[in-house]
Amino acid sequence: MSAVWSHGLFGCFSDITTCLITWIIPCYTAGKNAESVGESCLAHGVYFLLPLIGWYCHATVRGKIREKKRIDGTFFNDLLLSVFCELCTLVQEAQEVNQSPPPLAMARE
């Protein structure tokens, strides 16, 4: 069974800091998301500023995040979201890669 995104596409305001950073300097969030899957932060930050290349690279990074987290989806959907909901998807991806694992329970003996 595949996982789902831990935050909705329009769940930007559950992490107001990431939301504000992304709305002010989206190339920073794009670079950090790319870095989380082994891509160049600087290159993807610059690609973000170039519409056609930026959309393609963003969709590619989103796909790698989906693969890493075992989230179902397609490249075509990633590309559509990159074109039409770019900032919301950047925040969603950042929330996904920055979320900490659930705390471990400790049992008393």
Side-chain angles (χ1 to χ4, degrees):
M1 182 170 167
S2 54
V4 295
W5 294 94
S6 54
H7 296 274
L9 184 60
F10 302 110
C12 301
F13 298 110
S14 62
D15 180 0
I16 196 70
T17 304
T18 302
C19 181
L20 289 174
I21 289 170
T22 302
W23 282 89
I24 295 168
I25 41 175
C27 54
Y28 173 80
T29 305
K32 295 308 272 183
N33 289 348
E35 188 176 55
S36 74
V37 292
E39 298 288 330
S40 168
C41 178
L42 179 62
H44 281 270
V46 171
Y47 295 155
F48 181 83
L49 302 172
L50 307 170
L52 296 175
I53 295 170
W55 293 331
Y56 174 81
C57 291
H58 181 197
T60 302
V61 168
R62 185 171 174 84
K64 288 182 179 185
I65 292 170
R66 279 190 306 96
E67 286 176 16
K68 183 177 177 181
K69 300 286 186 165
R70 299 179 189 261
I71 298 172
D72 195 26
T74 65
F75 178 77
F76 183 71
N77 287 342
D78 294 338
L79 188 58
L80 287 176
L81 288 170
S82 296
V83 172
F84 295 109
C85 296
E86 191 164 33
L87 298 180
C88 292
T89 57
L90 282 174
V91 172
Q92 183 185 42
E93 295 157 14
Q95 290 172 333
E96 193 69 35
V97 298
N98 293 331
Q99 87 180 17
S100 56
L104 299 174
M106 293 181 63
R108 292 182 97 185
E109 291 185 20

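Heavy atoms only: backbone and side chains are in, while hydrogens, waters and symmetry mates are out.
- Pairing each heavy atom of G11 with each of Q95, the nearest pair is O-NE2, 3.3 Å.
- Heavy atoms from other residues, nucleotides or ligands lying under 6.0 Å from CD1 of I53 number 12 at most.
- The hydrophobic clustering, which links ILVMFWY residues whose side-chain heavy atoms are closer than 4.5 Å, places V91 and V37 apart.
- The minimum heavy-atom distance linking R62 with Q92 is given by the pair NH2-OE1, 2.7 Å.
- A pairwise comparison of heavy atoms in L49 and C27 identifies CD2-CB, 4.4 Å as the closest pair.
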(request) Begin with the C-alpha distance, continue with both residues' side-chain angles, and end with the deciding distance and a verdict on salt bridge (Lys or Arg N to Asp or Glu O under 4.0 Å) for K32 and E35. (result) CA-CA 5 Å; K32 295 308 272 183; E35 188 176 55; 2.9 Å; yes
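- Residue L90 is tested with T18, N33, I21 for a side chain to side chain contact (heavy atoms under 4.5 Å, CB included); the sole match is N33.
- Side-chain heavy atoms closer than 4.5 Å link hydrophobic residues (I, L, V, M, F, W, Y) into clusters, and following such links, possibly through other members, connects L79 to F84.
- Taking CG of L80 as the start and CZ of F75 as the end, the distance is 10.0 Å to the nearest 0.5 Å.
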(message) Between V4 and D72, is the side-chain contact (heavy atoms from CB on, under 4.5 Å) condition met? List the steps.
(response) CA-CA 7 Å; V4 295; D72 195 26; over 6 Å; no
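- Remark: side-chain polar atoms of R66 are paired, donor with acceptor, to backbone N or O of G73 under 3.5 angstrom.
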(request) Show your reasoning for whether side-chain contact (heavy atoms from CB on, under 4.5 Å) applies to Y47 and H58. (result) CA-CA 8 Å; Y47 295 155; H58 181 197; over 6 Å; no
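- Residues I16 and W23 do not share a hydrophobic cluster, defined by chaining ILVMFWY side chains whose heavy atoms lie under 4.5 Å apart.
- From C12, atom SG reaches atom CG of L87 across 8.0 Å, with rounding to the nearest 0.5 Å.
- Looking at every heavy atom in both residues, S14 comes nearest to H7 through OG-ND1, 3.5 Å.
- Among all heavy-atom pairs drawn from I65 and E96, the shortest one is CG2-CG, 4.3 Å.
- Of all heavy-atom pairs between T29 and A94, the closest is CG2-CB, 3.9 Å.
- Here D78 contributes atom CG and Y56 contributes atom OH; the two are 11.5 Å apart, rounded to the nearest 0.5 Å.
- Within the model, atoms OG1 of T22 and OH of Y28 stand 9.5 Å from one another, a figure rounded to the nearest 0.5 Å.
- Under the 3.5 Å distance criterion, the side-chain polar atoms of K69 are left unmatched by any main-chain donor or acceptor of S6.
- Side-chain contact between V61 and K64 is absent, with no heavy-atom pair separated by less than 4.5 Å.
- Cluster membership check: F13 does not share its hydrophobic cluster with F10, using side-chain heavy-atom separations under 4.5 Å among Ile, Leu, Val, Met, Phe, Trp and Tyr.
- Around the CZ atom of F48, the shell of radius 6.0 Å holds more than 12 heavy atoms that belong to other residues, nucleotides or ligands.
- Under a hydrophobic-cluster definition in which Ile, Leu, Val, Met, Phe, Trp and Tyr are linked whenever side-chain heavy atoms come within less than 4.5 Å, directly or via other members, V46 and L52 are assigned to different clusters.
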